Amino acid sequence: MADSQRCGRYSYEDYELTAQWLLSRTEHRPKVAIVCGSGLGDLATQLCDANVFHYRDIPNFLETTVPGHAGRLLFGLLSGEVCVCMQGRVHAYEGHSMEQITYPVRVFKLMGIETLILTNAAGGLNPDYKAGDIMLVRDHINLPGLMGLNPLVGPNDERLGVRFPCLSDTYDPALRRACSRVAAQLGVTELVHEGVLCMQTGPCYETVAESRLLRAFGADAVGMSTLPEAVCAYHCGLRVLALTLITNMAVCNYRSEERTNHAEVLHTSSMRAVALQTLVSAVVGQLGQFHRGGGGGGAAAAID
Ligand SMILES: O=P(O)(O)O[C@H]1O[C@H](CO)[C@@H](O)[C@H]1O
């Protein structure tokens, strides 16, 4: 394909090549993909009959560099549903473009994935939240995207999605409802909120003034990932559920002696890993009936 026809750095054929590379090395045919955020990678170890690939061995995948992101892709069964699970992600602050960090999402699309479940760690901005809570992402504020760092910038390949996607329904309402119901069945409703996730590029945590600004903008939590993946996934027709673990409260007060740090983020992730894994596994268990029905666009009918 000529450079002018490429989506940007990658062509459709690059995504296809990686998808075929993976599918030719596993007999699993997943419809669900899961991305594990900081310290949440143990979810991947729950997969039965797993086939494991290191990112460094997968064509065009980037290696992870951040503690808490193992850098392995696993195929296997979770709650009886065939899944592919990213044990860790790469971030823009590691020196990559938005297109590079979202590469796996388009590969998933070409592998036949229908639902993408994103997880991440973030700082709480909503004063009703506390470290250890879980936020179902209802909507987002994509600060890098608003500043031009949007993964869809560049020539658009219509095979992957439309030029001007409307993002009002990025986070599938039926999936969120299903997740809330599962949380109630598991007796963890008091841990679970719905809210707005803001992304800033990182790697610095926010200043006090920035945290206050983001709260005033309407954000309930702030992180350094997830939104580019959600944008790319929605663009190419995947159903998206995003679960944010509030690993710390963003510092919004000059008198506070709290200092956000990655060790604290990983500590909270480890404390809540089992709860989050249980929630995600149970939600995945509800997806099968819809996927077996085949075809897109019927999520609400199938899950409700
Ligand atoms: O978003 P994930 O990858 O879960 O991790 C979050 O936690 C790290 C900062 O502590 C950053 O990588 C931020 O993005």
Side-chain angles (χ1 to χ4, degrees), residues 33-45 55 61-73 85-98 100-105 116-125 129 131-137 140-145 149 151 170-171 195-207 210-211 214 219-233 240-251 258-277 279-280:
I34 304 168
V35 179
C36 300
S38 282
L40 299 168
D42 269 0
L43 174 63
T45 63
Y55 293 173
F61 267 50
L62 295 166
E63 284 197 56
T64 52
T65 65
V66 178
H69 293 263
R72 304 191 316 162
L73 187 71
C85 189
M86 289 183 71
Q87 203 176 27
R89 57 160 61 87
V90 289
H91 306 81
Y93 64 73
E94 291 169 80
H96 309 305
S97 68
M98 294 296 169
Q100 285 175 299
I101 66 174
T102 53
Y103 186 83
V105 173
L116 177 64
I117 301 179
L118 298 163
T119 67
N120 74 311
L125 293 164
Y129 294 6
D133 285 356
I134 294 168
M135 186 182 86
L136 306 183
V137 181
H140 74 219
I141 299 172
N142 185 2
L143 284 183
L149 289 175
T170 305
Y171 303 93
V196 174
L197 177 64
C198 178
M199 178 190 173
Q200 55 106 342
T201 312
C204 305
Y205 297 108
E206 303 68 37
T207 65
E210 286 165 349
S211 294
L214 300 181
D220 295 296
V222 55
M224 306 174 192
S225 73
T226 301
L227 309 195
E229 292 142 296
V231 168
C232 250
V240 180
L241 174 71
L243 295 167
T244 293
L245 179 64
I246 306 297
T247 49
N248 56 283
M249 290 305 288
V251 183
E258 297 290 332
R259 294 292 174 264
T260 307
N261 62 85
H262 193 57
E264 178 191 10
V265 168
L266 292 181
H267 177 72
T268 310
S269 296
S270 72
M271 301 302 289
R272 272 288 180 259
V274 171
L276 200 78
Q277 284 163 25
L279 187 59
V280 171

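Here the structure is a predicted model, which is why all the values come from computation and not from measurement. All ligand and atom numbering here is 1-based and tracks the order in the structure. For the numbers below, each heavy atom of this structure counts, side chains included, while hydrogens, waters and symmetry mates do not.
When side chains are defined from C-beta on, M199 does not count as touching S225, because their heavy atoms never get closer than 4.5 Å. Put simply, the side chain of T226 does not reach to within 4.5 Å of the side chain of T244, judged on heavy atoms. Proximity of E210 to Y205: side-chain heavy atoms (C-beta onward) are nowhere separated by under 4.5 Å. Side-chain contact between L197 and L227 is present, with at least one heavy-atom pair separated by less than 4.5 Å. Looking at heavy atoms from C-beta onward, Q87 lies in side-chain contact with T45 at the 4.5 angstrom threshold. At a threshold of 4.5 Å between non-hydrogen side-chain atoms, the residues L118 and R89 count as touching. Side-chain contact between L143 and L214: present, with at least one pair of heavy atoms (C-beta onward) separated by less than 4.5 Å.
At the top of the distance list for atom 14 (O) of ligand 1, counting protein heavy atoms only, stands M224 CB, 3.1 Å. The shortest contact between atom 3 (O) of ligand 1 and any protein heavy atom is with H91 NE2, 2.6 Å. Summary of contacts: the protein heavy atom closest to atom 12 (O) of ligand 1 is Y93 OH, 2.5 Å.
Between G37, G41, S225, it is S225 that holds the heavy atom closest to atom 1 (O) of ligand 1.
Looking at N120 next to ligand 1, no N or O pair under 3.5 Å apart turns up. Annotation: T119 places no N or O atom under 3.5 Å from an N or O atom of ligand 1; distance criterion only. Inclusion of G223 in the set of residues having an N or O under 3.5 Å from an N or O of ligand 1 is not warranted. For a threshold of 3.5 Å applied to N or O pairs, the pair formed by T226 and ligand 1 contains no separation below that value.
Every atom of ligand 1 with a heavy atom of Y205 under 4.0 Å away is listed here by number and element: 9 (C), 10 (O). Near R89, the atoms of ligand 1 lying under 4.0 angstrom from a non-hydrogen atom of the residue are 1 (O), 2 (P), 3 (O), 4 (O). Near H69, with a cut-off below 4.0 Å to any heavy atom, the atoms of ligand 1 are 3 (O). The distance from ligand 1 to the heavy atoms of S38 drops below 4.0 Å at these ligand atoms: 2 (P), 3 (O), 4 (O), 5 (O), 6 (C), 7 (O), 8 (C), 12 (O).
Heavy-atom neighbours of H267 NE2 from other residues, nucleotides or ligands within 6.0 Å: at or below the threshold of 12.
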